[in-house]
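Remember, it's 1-based here, ligands and their atoms both numbered in the order they're listed.
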Amino acid sequence: MRIDVITIFPEYLAPLGVSLIGKAADRGLLDIRTHDLRAWTYDVHRTVDDTPYGGGPGMVMKPEPWGEALDTVIADVAPESPELLPTLVVPTPSGRPFTQAKAAQLAESSWLIFACGRYEGIDRRVIDSAAERMPVEELSIGDYVLAGGEVAVLVMVEAIGRLLPGVLGNAESVRDDSFASGAMESLLEGPVYTKPAEWRGQAVPEILTSGNHGAIVRWRRDQAFARTTVNRPELLAKLDVAALDKKDRIALAALGWRVEGERLVRDVGAGDEKPAPGDDFTV
Ligand code: JAH
């Protein structure tokens with residue numbers, strides 16, 4: 001996969017040269033190119049921003065440098081396969097949610113361009129004109145405002161990059177993560193333990209050292225339900241009940257959730273106040 005990042009702070013993307021993603025790039029699985037937007041400014045101050053039309057606080061990124069930057073990067077579209085266009089990704093708090101499903105979809109692309117805004121954002125005409133030439137995704141990594149899109153790009157490139165064939169080793173593997181598809185879809189992962197078997201007076205749960213694989217799978221699933229109830233009850237509410245067996249239903253009933261039609265609902269009397277993170281729970 002080729003990834004181009006256009007930013008006024010190319011040094012902010014230095015972490016892409018490190019760890020999992022850096023190694024994938026070293027191995028030729030990823031071709032990451034960062035571009036300084038100011039390379040497409042021609043005034044002495046290398047200006048990338050201006051005051052907003054209509055008034056209001058802050059500054060807006062000027063369209064001209066962005067237009068030339070995108071023209072330059074997409075000039076690499078192969079003349080023999082003009083259908084192989086990049087997808088332009090624009091991180092913005094007003095975008096659609098960047099989810100695991102979106103990461104998996106973008107991991108199918110052979111070429112992504114990330115446009116990092118700063119200030120109050122990029123002149124709308126840049127995104128609208130790009131959308132006439134290539135697929136454009138305006139995406140939000142969460143409901144908070146950053147100082148610019150760079151950190152969101154780090155997040156998205158890591159989430160996408162680890163899904164590419166050959167990037168993760170066998171030891172790491174993609175399957176049973178929280179938010180992965182399959183039996184644990186829309187459930188959070190439960191707790192994990194390693195040696196020593198006792199640490200500062202705390203033993204590892206006995207079941208994990210029992211050698212009973214079936215019981216361990218069951219226990220982990222019950223822990224996942226318990227943690228999801230506490231931390232992300234809205235995920236349980238959208239869980240497909242067709243995927244629940246009898247023991248799942250018993251575990252969920254003990255946590256105050258029951259099947260109603262095709263969905264899980266909070267049991268009446270179970271209380272609808274959200275338990276605080278860190279509250280104790282037992283199955
Ligand atoms: C802030 C341009 N969803 C996280 C996110 C993504 C981008 C930005 N903020 C938050 C942002 C300022 C300018 C983009």
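No part of D143 comes within 4.0 Å of ligand 1, judged by heavy-atom distances. At a heavy-atom distance under 4.0 Å, no atom of C116 approaches ligand 1. Neither the backbone nor the side chain of E120 comes within 4.0 Å of ligand 1, counting heavy atoms alone.
Residue E262 places its CD atom among 12 or fewer non-hydrogen atoms of other residues, nucleotides or ligands, all under 6.0 Å distant. Other residues, nucleotides and ligands place more than 12 heavy atoms under 6.0 Å from the CD atom of E11. Residue D143 qualifies as open at atom CG: its count of foreign heavy atoms under 6.0 Å is 12 or below.
Residue, atom and distance of the protein heavy atom nearest to atom 1 (C) of ligand 1 are L146 O, 3.1 Å. Among protein heavy atoms, atom 8 (C) of ligand 1 sits closest to P93 CD, 3.4 Å. Counting only heavy atoms of the protein, atom 4 (C) of ligand 1 lies nearest to I141 CG1, 3.5 Å.
For the pair R38 and D36, the salt-bridge criterion is not met [side-chain N within less than 4.0 Å of a carboxylate O]. Between K62 and D43, no side-chain nitrogen of the basic residue sits less than 4.0 Å from a carboxylate oxygen of the acidic one, so the salt-bridge criterion is not met. Remark: D222 does not engage R227 in a salt bridge, criterion side-chain N to carboxylate O under 4.0 Å.
With distances taken over non-hydrogen atoms, the option nearest atom 13 (C) of ligand 1 out of Y144, Y119, F98 is Y119. When the options T92, I122, L139 are ranked by their closest heavy atom to atom 6 (C) of ligand 1, first place goes to T92.
Counting the atoms of ligand 1 from 1 in the order shown, those under 4.0 Å from a heavy atom of G142 are 3 (N), 4 (C). Set against the non-hydrogen atoms of S140, the atoms of ligand 1 under 4.0 Å away are 3 (N).
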Please lay out, stage by stage, how D76 and R33 fare under the test salt bridge (charged side-chain N to carboxylate O under 4.0 Å, His left out).
CA-CA 13 Å; D76 285 357; R33 310 180 192 185; 3.7 Å; yes
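Not a single N or O atom of G149, backbone or side chain, sits closer than 3.5 Å to an N or O atom of ligand 1.
Counting only heavy atoms from C-beta outward, the side chains of V5 and C116 approach each other to under 4.5 Å.
At least one heavy atom of A147 sits closer than 4.0 Å to an atom of ligand 1.
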